[in-house]
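All of these numbers come straight from a predicted model, not from anything done at the bench. Both counts, for ligands and for their atoms, begin at 1 and track the order of listing.
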Amino acid sequence: MALRFYNTLTQQVEVFTPQDGHTVRMYTCGPTVYNHVHIGNLRTFTFQDLLRRWLIYRGYALQHVMNITDVEDKIIRSAMQQGKSIGEYTAVYEKAFLEDIDRLRLQRPEKLVRATEHIPEMVDSIEKLTAGGYTYRSEDSVYFRIAKFPNYGKLSHIDFSGQRAGARVDVDEYDKDDARDFVLWKGPKDGEPSWESSLGPGRPGWHIECSAMAMKYLGETLDIHTGGIDLTFPHHENEIAQAEAVTGKPFARFWLHAEHLMVESQKMAKSLGNFYTLRDLLDQGYAPEVIRYLLASVPYRKKLNFTFDGLRAAATALERLRNYKLRLETSRFTDGTDDGVLSATQKAREAFDGALDDDLNTAEALGAIFEFVRDTNTGMDAGQFRSGNVQTAAALLAHFDSIFDVLRPSLQEGGLSDQEVDALILERTQAKQSRNFQRSDEIRNLLAEKGVILEDTKDGVRWKRK
Ligand code: AMP
Ligand code: ZN
């Protein structure tokens, strides 16, 4: 079965191929860097990482752009309170965001772009909208005239007909089911940053940021636009209006929205105070892979209820997979190949791939892997699993891990990377060959201190982490 995604625009699961058959042009609304992101935000970004990996596995090239919102109401307020420029203020959180996504092993998009570095593109977009009669000016600000764009509401499937025209909203975020003319360019206010432009001095609204940058790097029609579900309205609806009013072409073919991470039936949110940052959880001793596992384990269109029990269950599940991998790598099996095990391996792989093709059903994909692990563990106990089955089973686990990326333990502070361990082992082997036993013992002890256990076998040295 072909690769399929649920498209918010059509409210249907549809077969996905990129428009040019080769490269997926994808845009993701990135973080507003006014604070540390919380694990709710990171759930959405983890979904996007899995999506990236699966598209690449399915043979597509990716051109993925994510914005960094580094000018926005909350940023300006916080920077002013601290007496900092917005650049000084956001630099700290942008860096922290990149550290967080690296820790969670989220692949970086091909392009990460800052809003403040694209003001001319936004002004140009607003000029084009103005030329088409889609804007009006009130005092020093420029607004989008929703009444002029009849398709407004097509993404969020809200019927806005009968709304009063001309009501305006100036703030970047609003969430009432109310179509209000939104601000494109905000006139300058005392002490706020502003840019000179053909529209007069001011700063861009949040919504114009994304459509202007997306079209600059990805063209007028994107293959996929993603974000958290809360962005559907008004942010994405506004992006569609801004883009399509100018181009007359569909702005994005597929809209993929991640459901929320919840805490006790409420959305995890900064404003509700019910959030954990990645740092909070790492400080409590949870490994990044365990958090990644938890965030990846629930399909992205289902709400994920965050609990510490859930986090501990994720740790246990991951431990099971690691133990299985170790058993596979270190046990001695009888020669030969068992056909039953072989076909179970193939079946698991088909089920895994089929589940991810089906709108990235990660729960079902994990289910296939765990069924396989359970059955072949039993096969190992019964002596049915043979040495000829090791390679295909290991390949299945490697395939799983190329998407989920959880099996490799993260380095502890001061720990050694796999490459460093390999280099030390090579040095030790050479030391032994030249009968420098003092050095070889030293290396063994150093590795032991760092939690690496060596096993000398007739086929060479094997190692594992404690
Ligand atoms: P923001 O920095 O607030 O613009 O949010 C960054 C991303 O995180 C957006 O795609 C949001 O939709 C998403 N997001 C915010 N809260 C949650 C949550 N509780 N669960 C999942 N995604 C969220
Ligand atoms: Zn956006």
Side-chain angles (χ1 to χ4, degrees), residues 8 26-51 64-75 78 90 93-94 96-97 100-101 104 106 109 112-115 118 122 125 155-156 171-175 182 204-218 222 224-243 251-252 255-278 291 294-296 298-306:
T8 308
M26 177 155 97
Y27 186 86
T28 290
C29 292
T32 305
V33 280
Y34 79 105
N35 212 325
H36 291 288
V37 291
H38 55 65
I39 56 166
N41 304 127
L42 289 168
R43 184 206 185 179
T44 292
F45 298 127
T46 303
F47 146 66
Q48 286 149 1
D49 176 68
L50 298 170
L51 177 62
H64 179 195
V65 176
M66 182 195 276
N67 69 305
I68 303 268
T69 298
D70 60 350
V71 51
E72 181 265 359
D73 296 346
K74 291 192 293 285
I75 291 174
S78 307
T90 56
Y93 296 110
E94 180 183 308
F97 171 68
D100 285 353
I101 64 172
L104 274 188
L106 309 186
L112 266 167
V113 289
R114 297 193 187 101
H118 295 79
M122 300 174 205
S125 268
L155 180 71
S156 42
V171 289
D172 283 327
E173 285 179 274
Y174 58 100
D175 55 15
F182 54 92
W206 172 37
H207 312 292
I208 195 70
E209 186 190 299
C210 283
S211 57
M213 290 197 283
M215 288 196 287
K216 168 168 180 171
Y217 293 106
L218 299 170
L222 325 178
I224 300 179
H225 195 312
T226 66
I229 191 135
D230 54 317
L231 299 189
T232 313
F233 180 84
H235 183 53
H236 291 162
E237 201 68 71
N238 293 354
E239 280 192 51
I240 290 178
Q242 292 162 161
F251 175 48
W255 287 86
L256 270 55
H257 288 108
E259 252 296 352
H260 283 143
L261 184 79
M262 312 292 285
V263 187
E264 285 162 12
S265 318
Q266 274 191 313
K267 168 191 170 186
M268 180 174 283
K270 279 274 150 61
S271 55
L272 297 173
N274 61 351
F275 64 91
Y276 294 96
T277 63
L278 182 62
I291 301 162
L294 176 71
L295 297 179
V298 175
Y300 77 95
R301 284 207 299 127
K302 287 212 162 83
K303 289 188 170 62
L304 195 173
N305 196 33
F306 176 80

Subject >> Pair E239, H225: side-chain N/O donor-acceptor within cut-off below 3.5 Å >> reply: yes
**OP:** Under 4.0 Å from a heavy atom of K267: give me the atoms of ligand 1 that qualify, with their elements.
**Re:** 16 (N), 19 (N)
Subject >> Check against ring-ring contact (aromatic ring centres under 6.0 Å, His included), H36 and Y93 >> reply: CA-CA 6 Å; H36 291 288; Y93 296 110; 5.4 Å; yes
Original post:
Mind checking whether W255 and F251 have parallel, tilted or perpendicular rings, split at 30° and 60°?
Top reply: tilted
Original post:
Can you tell me if T28 and T226 form a side-chain donor-acceptor pair at under 3.5 Å?
Top reply: yes
Original post:
In degrees, rounded to 10 degrees, what angle do C29 atom SG and C210 atom SG make at the Zn ion (ligand 2)?
Top reply: 130°
Original post:
Heavy atoms only: which of V37, L231, N41 is nearest to atom 3 (O) of ligand 1?
Top reply: N41
Subject >> 4.0 Å heavy-atom contact, A269 with ligand 1 >> reply: no
Original post:
Counting heavy atoms only, which of L42, T44, I39 comes nearest to atom 22 (N) of ligand 1?
Top reply: T44
Original post:
With distance as the sole criterion, is a donor-acceptor pair present between the side chains of Q242 and S125 under 3.5 Å?
Top reply: no
Original post:
If we ignore angles and hydrogens, is there a donor and acceptor under 3.5 Å between the side chains of E264 and N274?
Top reply: no
**OP:** Return the option from K74, H260, Q266 holding the heavy atom at the smallest distance from atom 17 (C) of ligand 1.
**Re:** H260
Original post:
Do the rings of H207 and F182 sit parallel, tilted or perpendicular, given the 30° and 60° boundaries?
Top reply: perpendicular
Original post:
Any donor and acceptor pair, going by atom type alone, linking the side chain of H260 with main-chain N or O of M262 inside 3.5 Å?
Top reply: no
Original post:
If hydrogens are left out, which of N35, T69, D230, N274 has an atom nearest to atom 12 (O) of ligand 1, that is, the closest non-hydrogen atom?
Top reply: D230
Subject >> ligand 1 atoms in contact with G227 (distance to a heavy atom under 4.0 Å) >> reply: 10 (O)
Original post:
Looking only at heavy atoms of H38, does any of them come nearer than 4.0 Å to an atom of ligand 1?
Top reply: yes
Subject >> Residue portion contacting ligand 1 (non-hydrogen atoms closer than 4.0 Å) for E259 >> reply: backbone
Original post:
Can you name the N/O/S atom of H235 that is nearest the Zn ion (ligand 2)?
Top reply: NE2
**OP:** Could you pull out, from G40, G228, A258, the option with a heavy atom nearest to atom 23 (C) of ligand 1?
**Re:** G40
Original post:
Relative to each other, are the rings of F47 and Y300 parallel, tilted or perpendicular (30° and 60° limits)?
Top reply: parallel
Subject >> Close-contact set for ligand 1 against P31 heavy atoms, below 4.0 Å >> reply: 2 (O)
**OP:** Provide the number and element of each atom of ligand 1 under 4.0 Å from a heavy atom of M268.
**Re:** 16 (N), 18 (C), 19 (N)
Original post:
Distance only, no hydrogens: is a donor on one side chain within 3.5 Å (strictly under) of an acceptor on the other, for E72 and T32?
Top reply: no
Original post:
Does any N/O atom on L261 come nearer than 3.5 Å to any N/O atom on ligand 1?
Top reply: yes
